[in-house]
Amino acid sequence: MITLKHYVYEFYQKYGTVILHNPEVQDYKYNFLNPNNIIIVPPVQEEAVIRAGFELFDELFLSFYTDDFKKKYLPFTLQLGDTITSLSGKTTYNSYCSRNLIALSNINSDISSMTDEKKKEISKEMHLNFWFYLPINGKKSYCYSSLFLYFGGVVL
């Protein structure tokens with residue numbers, strides 16, 4: 001079995017994207033265009049939990065795209081969190097996406113009991129938000145999120 005460090009290293013070598021499983025505020029808060037007004041509480045740093053988080057990220061999001069697409073369009077970081085909330089704490093997110101990151105929450109000891117319906121909901125949310133921020137020729141692709149809804153709703 002491959003170590004977590006080696007998995008993160010290989011992922012970066014292959015796609016040019018960093019995986020953070022213990023994000024700190026500076027890893028997600030700041031963005032050159034807009035700040036990400038969120039708080040990511042890192043998951044418990046237990047190998048089984050983190051490994052399950054990597055597997056869930058792959059199942060819900062990464063496995064839908066080809067290697068070439070991932071090399072070209074993945075943001076700078078993929079981040080795992082136990083919870084993701086707005087700065088006010090009033091809104092909780094299953095996932096969060098911006099031009100520079102995609103974050104997935106619910107990475108905790110309960111991850112194995114996540115229902116298929118919950119996984120489907122999170123997956124749709126991740127893809128929709130990703131396509132909203134997907135840079136096409138350096139610009140946000142608002143129209144692509146509508147296309148994804150049309151086609152993605154059928155696929156997912």
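We find the CD1-OH distance between I38 and Y93 to be 8.0 Å, quoted to the nearest 0.5 Å. Between atom CD1 of residue I107 and atom CD1 of residue I40 there is a gap of 11.0 Å, rounded to the nearest 0.5 Å. Note that OG of S98 is 11.5 Å distant from CZ of F132, once rounded to the nearest 0.5 Å. Taking CG of L101 as the start and OG1 of T17 as the end, the distance is 11.0 Å to the nearest 0.5 Å. Between atom CE of residue M114 and atom CD1 of residue I122 there is a gap of 4.0 Å, rounded to the nearest 0.5 Å. One finds the OG atom of S123 at 8.5 Å from the CD atom of E59 (value rounded to the nearest 0.5 Å).
Heavy atoms only, all atoms of each residue included: N100 and P75 are closest at C-CB, 3.4 Å. When every heavy atom of P43 is checked against every heavy atom of G81, the shortest pair comes out as CD-CA, 3.7 Å. Across all their heavy atoms, N129 and S95 have their closest contact at ND2-OG, 4.3 Å. Looking at every heavy atom in both residues, L62 comes nearest to K70 through O-NZ, 3.4 Å.
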- Message: Please determine whether side chain to side chain contact (heavy atoms under 4.5 Å, CB included) holds for the pair L87 and I39, giving the CA-CA distance in whole Å, both sets of side-chain angles, and the decisive distance to 0.1 Å.
- Response: CA-CA 6 Å; L87 288 179; I39 297 171; 3.8 Å; yes

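With Y65 as the fixed residue, the ring-ring contact (aromatic ring centres under 6.0 Å, His included) test singles out one of Y73, F130, Y15: F130.
Under 3.5 Å, the side chains of T85 and T83 contain no donor-acceptor pair of N or O atoms. For the residue pair T77 and Q79, a side-chain donor N or O sits within less than 3.5 Å of a side-chain acceptor on the partner. With hydrogens and angles left out, the side-chain atoms of N94 and K118 include a donor and acceptor closer than 3.5 Å.
In this structure, K72 places its NZ atom where only 12 or fewer heavy-atom neighbours from other residues, nucleotides or ligands lie under 6.0 Å away.
Transitive grouping of hydrophobic side chains (ILVMFWY, heavy atoms separated by less than 4.5 Å) keeps V44 and L80 in distinct clusters. No single ILVMFWY cluster, assembled from side-chain heavy atoms under 4.5 Å apart, contains both L78 and Y9.
Two rings, from F57 and F11, have their centers 6.0 Å or more apart.
The closest side-chain heavy-atom distance from I2 to E10 is below 4.5 Å. Using a 4.5 Å heavy-atom cutoff, the side chains of L104 and Y96 are not in contact. Side-chain contact check for F76 versus V18: some heavy-atom pair is nearer than 4.5 Å.
Here the side chain of D58 pairs no donor or acceptor atom with the backbone of F54 at under 3.5 angstrom. With hydrogens and angles ignored, the 3.5 Å screen pairs no side-chain donor or acceptor of E47 with any backbone N or O of L4. One N or O on the side chain of H127 and one on the backbone of L60 form a donor-acceptor pair closer than 3.5 Å.
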